[in-house]
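Note on naming: letters A, B, ... go to the chains in the order of the sequence lines (proteins, then strands), and numbering restarts at 1 for each one.
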There are 2 protein chains.
Amino acid sequence: MRRDIFQAIADPTRRTIIALIALQAMTPNALAEHFDTTRQAISKHLKILTECQLISQQQAGREIYYRLEVSKMKEIDSWLEQFRKIWEDRFNELDNILSTTKSDEK
Amino acid sequence: MRRDIFQAIADPTRRTIIALIALQAMTPNALAEHFDTTRQAISKHLKILTECQLISQQQAGREIYYRLEVSKMKEIDSWLEQFRKIWEDRFNELDNILSTTKSDEK
DNA sequence: TATATTTGAAACTGAATGGTTTCATAATTA
DNA sequence: TAATTATGAAACCATTCAGTTTCAAATATA
C-alpha cells in the first residue's frame with residue numbers, strides 16, 4: 001500500500017473526481033452519478049484520496065461533502081519545479097545533451 | 001495496460017529515473033547502478049517511459065542513451081493548470097465552498 | 001417507532017504491476 | 001574469429017489494484 005499523491009492521480013477515475021470536486025464540494029452519491037461504476041467503488045477512491053490528504057471531508061447530517069485540498073495539489077507542482085528549470089533554461093540547447101555527455105569534452 | 005504519463009510517474013523508481021536523465025542522458029547500465037534492482041527491471045521501466053513518450057533513446061554503438069522528453073513533462077504541467085486557477089483565484093475564499101454549495105443560495 | 005437514505009467496511013475476484021531469472025541478439029574487443 | 005559487453009524480450013511469480021456484491025451503522029423521514 002504505497003499511497004502517495006502520484007499514485008493517487010495515476011487513476012483516471014480519481015483524476016476526474018479531483019476535477020469535479022475542485023469546482024465544488026460533493027457527496028459520494030453525487031460523484032458516483034458521473035461514473036459507470038458503483039457508489040462503493042467511488043467510495044474506495046475517496047478513501048485513497050483522503051489517505052494521501054488530497055481531499056478532506058465535512059459531515060452534514062448523514063451526507064459527507066468531499067472537497068479538494070488545493071495545498072496538497074501543489075506538491076505535484078513542486079515536483080515539476082526541477083524540470084521547469086530545465087525546460088525554461090536549457091530549452092534551446094537541450095538537443096545535444098547526449099553528445100556532450102558521451103565525449104565529456106567541452 | 002493503461003500507460004499514460006500519470007501512470008508512468010506513479011512509480012518512485014521511474015520518477016528517480018526521470019530525475020536522473022533530466023540532468024544528462026544515460027544508458028540503462030549507468031541508470032541501474034543507482035538502484036537496488038536488476039538492470040532488467042530498469043529496462044522495463046525504460047520501456048514504459050518510452051511507450052508514453054516521456055523519454056527517447058539514441059543509439060551509440062552498442063550503448064543506448066535515454067533522455068527526457070521535456071515537452072511531454074509539460075503535459076503534467078498542463079493538467080495542473082486547471083487547479084492553478086483555483087489555488088490562485090479562489091485561495092482566500094475557498095474555505096466556504098461547502099456551505100455555498102449546500103444551500104445554493106446567493 | 002418503523003422505514004428510507006447515505007455512507008463505509010469486508011470479502012472476494014480478475015487483471016495489472018514490478019520484480020526475478022533465463023535467453024537471444026548485436027556490437028565491441030582481444 | 002572467439003570472448004566480452006550492452007541491451008531487450010520472454011516466462012514466471014507474488015503483490016497490488018480496481019471493481020463487485022453483501023452487510024452494518026448512522027441519520028433522516030413517514
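- Under the Watson-Crick or G-U wobble criterion, with both distances below 3.5 Å, C/dT17 is paired with D/dA14.
- You'll find the side chain of B/W79 reaches within 4.5 Å of the side chain of A/I9, heavy atoms only.
- The side chain of B/Q57 lies closest to D/dG8 when the candidates are C/dT20, D/dT20, D/dG8.
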Show each protein N/O and nucleotides 1-6 of chain D N/O combination with a separation under 3.5 Å, one pair to a line.
| unit_1 | atom_1 | unit_2 | atom_2 | d |
| --- | --- | --- | --- | --- |
| D/dT5 | O2 | B/R62 | NH1 | 3.2 |

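- Here the closest heavy-atom approach between residue A/L54 and residue A/L68 is recorded as O-CD1, 3.4 Å.
- Nucleotide C/dA4 is shown with a syn base, its glycosidic torsion being within 90° of 0.
- Considering only side-chain N and O atoms, A/T37 lies nowhere under 4.0 angstrom from the phosphate OP1 or OP2 of D/dG19.
- Residue side chain B/Q40 reaches the base of C/dT22 through a donor-acceptor N/O pair under 3.5 Å, judged by distance alone.
- Remark: B/R84 engages B/D77 in a salt bridge, criterion side-chain N to carboxylate O under 4.0 Å.
- You'll find a donor-acceptor pair under 3.5 Å spanning the side chain of A/K44 and the base of D/dG19, going by distance alone.
- Taking side-chain N and O atoms only, A/R14 has a distance below 4.0 Å to OP1 or OP2 of D/dA18.
- Distances shorter than 4.0 Å separate some side-chain N or O of A/Y66 from OP1 or OP2 on C/dG8.
- Between the CZ atom of A/F6 and the P atom of C/dT17 there is a distance of 19 Å, rounded to whole Å.
- Rounded to a whole Å, the CD atom of A/Q59 is 11 Å from the P atom of D/dA26.
- No continuous path of hydrophobic side-chain contacts links A/M73 to A/I48 [ILVMFWY only; heavy atoms under 4.5 Å].
- Where A/I42 and B/S43 each meet DNA chain D at their nearest nucleotide, the meeting point lying more 5' is that of B/S43.
- A/K47 places its NZ atom 18 Å from the C1' atom of C/dT6, with the value rounded to the nearest Å.
- For A/T50 (side chain) and A/L46 (main-chain N/O), a donor-acceptor pair under 3.5 Å exists by modelled atom type.
- For the residue pair A/S56 and A/E69, the shortest heavy atom distance occurs at OG-OE2, 2.9 Å.
- Between the side chain of A/Q7 and the base of D/dT16, no donor-acceptor pair of N or O atoms lies under 3.5 Å.
- Between B/H45 and C/dT17 there is no side-chain N or O to OP1 or OP2 distance below 4.0 Å.
- For the pair A/L31 CG and C/dG8 C1', the computed distance is 15 Å after rounding to whole Å.
- Between B/F83 and A/A22, the shortest heavy-atom contact is CE2-CB, 3.7 Å.
- Shortest non-hydrogen contact noted between B/Q7 and A/A10 is CA-CB, 4.1 Å.
- Rounded to a whole Å, the CD atom of B/E51 is 14 Å from the C1' atom of C/dA16.
- Regarding A/L49, its CG atom lies at a distance of 16 Å from the P atom of C/dT7, rounded to whole Å.
- Both distances falling under 3.5 Å, in either a Watson-Crick or a G-U wobble arrangement, occur for no nucleotide opposite C/dA4.
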